[in-house]
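What follows is a short report on a single structure.
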Protein chains: 2
Amino acid sequence: MIKSMPGVKQPIVYILDDDPAVRDSLSSLLRSVGLQASVFASVTEFQQTSLAAVPSCLILDVRLQFANGLDFHRQLVAEGIDLPVIFITGHGDIPMTVKAMKSGAVDFLAKPFREQDLLDAIALALQKAEQRLAASSVSDALRNCFASLTNREQQVMRMAVSGLLNKQIADQLNLSLITVKIHRGNMMKKMQARNFAELVRMAEQLSLNKA
Amino acid sequence: MIKSMPGVKQPIVYILDDDPAVRDSLSSLLRSVGLQASVFASVTEFQQTSLAAVPSCLILDVRLQFANGLDFHRQLVAEGIDLPVIFITGHGDIPMTVKAMKSGAVDFLAKPFREQDLLDAIALALQKAEQRLAASSVSDALRNCFASLTNREQQVMRMAVSGLLNKQIADQLNLSLITVKIHRGNMMKKMQARNFAELVRMAEQLSLNKA
DNA sequence: GATACCACTATACCAAGGTATATAGATAAA
DNA sequence: TTTATCTATATACCTTGGTATAGTGGTATC
């Protein structure tokens with residue numbers, strides 16, 4: 001059903017539930033469809049694990065022994081860990097569902113649920129994870145390029161993409177025109193921008209205008 | 001509580017519910033906090049109304065007499081009518097809630113709910129409506145500028161922001177260099193772009209690269 | 001037929017961008 | 001000490017962008 005494609009790494013489904021029976025049944029369900037599962041009994045146990053750099057999602061019980069799944073989800077989001085989350089719960093209600101979905105959960109399943117519903121949710125979550133991974137790897141590459149610039153080159157890039165002429169940049173930085181041109185040329189090479197339009201779009205992705 | 005600010009038009013809250021008692025109680029609740037309400041008993045009645053160009057949201061009953069609120073919401077989204085929607089229902093369950101939230105609803109309230117919860121949801125919805133309105137008015141202005149360009153000028157703009165040199169544009173369009181320069185100059189004036197970087201960002205907003 | 005708009009071209013000129021070569025001071029690492 | 005990197009500058013040269021002026025031809029509107 002789920003084939004291992006060349007180039008795309010094997011996805012991982014994390015399961016965080018304090019009930020051993022649930023952990024077992026879920027992980028065996030996942031294995032039966034060829035998905036790799038990784039189970040955790042507590043928030044602390046999960047936090048001690050470093051997440052693999054593959055498309056992954058988290059199946060999260062709302063009511064954990066020592067924690068609230070919703071709060072933990074919000075904490076993950078606040079920490080910038082963008083892991084698609086699927087909630088499962090035995091004691092759900094509508095306000096809880098709304099809260100979970102507002103926080104960005106992919107799905108919210110009340111027990112008992114159909115296995116297929118969970119598998120569908122996982123498929124969607126992993127798809128989102130792949131997209132985010134692809135997007136972040138692009139912007140990672142961009143950030144690396146930008147970080148490889150010297151301070152001056154970064155300054156010149158910011159000012160250039162904001163629309164300033166070389167002459168204006170030179171005035172504001174108290175430099176000669178030729179110096180600005182050279183910084184600009186080096187910057188374009190390091191950023192691997194084939195033309196100025198491309199550079200402007202890179203700056204947009206890096207949100208250089210805002211910061 | 002909700003003051004009429006100068007410059008910001010009076011928001012409208014649409015109410016679509018087939019129960020007259022609900023319509024009455026909701027609209028009097030809204031009026032009591034100074035909000036303008038506009039009530040509808042059926043989907044057809046709502047569709048016959050042209051929406052005002054002010055921040056607005058829709059309070060939508062899930063179970064209507066001749067229609068499904070969730071489906072109607074999806075239809076609105078599909079038609080590009082981006083009106084923040086708050087669902088209310090007397091017979092809700094978790095899957096229904098998930099479906100509504102996935103479609104982009106602002107909130108989902110099961111009766112009986114606290115009045116304050118609804119008012120909070122409305123405040124959030126109207127805030128979103130304002131943001132969308134502001135964003136769309138900006139891109140409307142941009143689209144008007146772009147539409148005011150002649151065909152040639154649009155072509156030249158697309159090619160310029162994709163990074164092509166005037167010479168390359170001239171070759172591809174079988175024009176002389178000077179003709180391209182003139183189209184480009186006229187285009188910059190009409191787009192009110194102060195520099196090329198700004199033009200690239202305008203093109204991004206118009207998503208000229210995709211289409 | 002006059003007017004307006006669009007598209008296209010040419011000449012001429014100036015401003016701006018970009019590169020190569022060469023030089024030089026400052027600083028930090030091997 | 002040598003090496004490397006960053007910073008800054010100058011001269012020279014070429015390409016590209018942009019504008020003004022002037023003119024041609026087509027099309028549509030009044």
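Every chain is numbered from 1 and lettered A, B, ... according to where its sequence line falls, protein lines coming before strand lines.
- Straight-line distance from the CE atom of A:Met187 to the P atom of C:dT19: 11 Å, rounded to whole Å.
- Side-chain nitrogen and oxygen atoms of A:Arg152 include none within less than 4.0 Å of the OP1 or OP2 phosphate oxygen of D:dC6.
- Between A:His73 and A:Phe87, the two ring planes are perpendicular [angle over 60°; tilted spans 30° to 60°].
- Between the side chain of A:Gln168 and the main chain of A:Leu164, no donor-acceptor pair closer than 3.5 Å is present.
- Below 30°, between 30° and 60°, or above 60°: for A:Tyr14 and A:Phe40 the angle between ring planes is between 30° and 60°, a tilted geometry.
- For the pair B:Asn186 CG and C:dC8 C1', the computed distance is 12 Å after rounding to whole Å.
- The shortest heavy-atom contact between A:Pro84 and A:Ser56 is CD-O, 3.4 Å.
- Using a 3.5 Å distance cut-off with no hydrogens or angles, the side chains of B:Gln155 and B:Arg152 do pair a donor with an acceptor.
- For the pair B:Met188 CE and D:dT16 C1', the interatomic distance rounds to 15 Å; values are reported in whole Å.
- Counting to the nearest Å, the C1' atom of C:dA26 and the CG atom of A:Asn151 are 15 Å from each other.
- Distance, B:Arg194 CZ to D:dG17 P: 22 Å, rounded to whole Å.
- Within the 4.0 Å cut-off from OP1 or OP2 of D:dT5, not a single side-chain nitrogen or oxygen of A:Thr150 is found.
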Would A:Glu79 and A:Gln75 count as a side-chain hydrogen bond (donor to acceptor under 3.5 Å, both in side chains) here? Give the steps.
CA-CA 6 Å; A:Glu79 286 170 9; A:Gln75 189 185 324; 3.3 Å; yes
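- Of all heavy-atom pairs spanning B:Lys190 and B:Glu153, the tightest one is NZ-OE1, 2.9 Å.
- A heavy atom closer than 4.0 Å to some atom of DNA chain D occurs in B:Leu165, B:Asn166, B:Lys167, B:Ile178, B:Lys181, these being the qualifying members of residues 163-181 of chain B.
- When rounded to the nearest whole Å, the span between CD of B:Gln155 and C1' of C:dC6 equals 13 Å.
- The residue among A:Ile182 and A:Lys190 whose nearest nucleotide of DNA chain D lies closer to the 5′ end is A:Lys190.
- If you take CG of A:Asn195 and P of C:dG17, they are 15 Å apart, rounded to a whole angstrom.
- One interatomic measurement links the two molecules: CG of B:Leu149 to P of C:dA7, which rounds to 10 Å at whole-angstrom precision.
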